[in-house]
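When a ligand or atom number is given, it counts from 1 through the structure's own listing order.
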Amino acid sequence: MRKPLIVGNWKMNKTASEAAAFIRDLRERVPASPHADVVLAPPFTALESARSALGSSSWISLGAQNVHWEPQGAFTGEVSAPMLRDLGCRYVIVGHSERRTLFGERDEHVQKKVRAALKHGLSPILCVGESLADREAGRTESVVTAQLNGSLTGLSAHDLATITIAYEPVWAIGTGRSATVEQAAIVHRSIRLFVETGWNSDIASAMRILYGGSVTPQNIASLLACDAIDGALVGGACLNLDSFATIISFAQIPRA
Ligand code: PGA
């Protein structure tokens, strides 16, 4: 049984001091639990204060929202995997649709970022997902498969064991229009099959595949009740203490 993972993607929200206050409140509000893992992905500028607010033995892990593929060098404005490790990050979100659509990131960049993350001990959370036009044209599976191919080809089974995949339909992100459980489950199953075919069934059945796109306290329980869905990548609803605490609490209920 895969342990649910809830990732809070803060995007470009919260200052360093707001981050510290939020995390202190969250830790008071939600007890640690062995039944779910939680990752917070604040902006780079809040990673240090988030780390100190989390404390050294925290059950909540730190993640970043992006990474450059080179370890250092003349890349103005970029941040490398060793820098993120040094700040206590264990995870990094890679290939988010906002990076792809607003910042021109392509699969070849995503692949380099996945590799850099793995090389420096960060677990990539690889985002894939189709646009509304793709879905309406019946191209969901081919688009997602192409993104997976473009980002994961050539990686070893050992590498795959460290990766989490987040299925985030672009039309569901920040729109209030979540995919249905059935729509998500179909794509999740095809992602798992892709991993099984490309690597092996042990890796495929151990891999956590998250759903993202307008996850809320209202829909998290039905998403998690589906055995194809291993958690959520949460944007808007993770910025509010009440809603994020509720989402985590649902994930902490032991799965049957
Ligand atoms: P949302 O964002 O929950 O606000 O839809 C999800 C994401 O972009 O990861």
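Between Asp242 and Arg29, at least one side-chain nitrogen of the basic residue sits less than 4.0 Å from a carboxylate oxygen of the acidic one, meeting the salt-bridge criterion. Salt bridge Lys11/Glu98: present, at least one basic N to carboxylate O contact under 4.0 Å.
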Tabulate distances under 3.5 Å between N/O atoms of ligand 1 and N/O atoms of the protein, writing both atom names on each line.
residue  : atom  : partner : partner atom : Å
ligand 1 : 2 (O) : Lys11   : NZ           : 3.3
ligand 1 : 3 (O) : Gly235  : N            : 2.8
ligand 1 : 4 (O) : Gly236  : N            : 2.8
ligand 1 : 5 (O) : Gly174  : N            : 2.7
ligand 1 : 5 (O) : Ser214  : N            : 2.7
ligand 1 : 8 (O) : Lys11   : NZ           : 2.7
ligand 1 : 8 (O) : His96   : NE2          : 2.6
ligand 1 : 9 (O) : His96   : NE2          : 3.2
ligand 1 : 9 (O) : Glu168  : OE1          : 3.3
ligand 1 : 9 (O) : Glu168  : OE2          : 2.7

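In summary, the side chains of Trp171 and Glu130 do present a donor paired with an acceptor at a separation below 3.5 Å, with no hydrogens or angles considered.
The only option from Asp230, Asp37, Thr164 that meets the side chain to side chain donor-acceptor pair (under 3.5 Å) definition with Arg208 turns out to be Asp37.
Scored by the side chain to side chain donor-acceptor pair (under 3.5 Å) test, Ser156 finds Asp159 as partners (sequence neighbours excluded).
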key: Asn219/Ser222 under side-chain hydrogen bond (donor to acceptor under 3.5 Å, both in side chains): CA gap, chis, key distance, verdict   = CA-CA 6 Å; Asn219 60 21; Ser222 55; over 6 Å; no
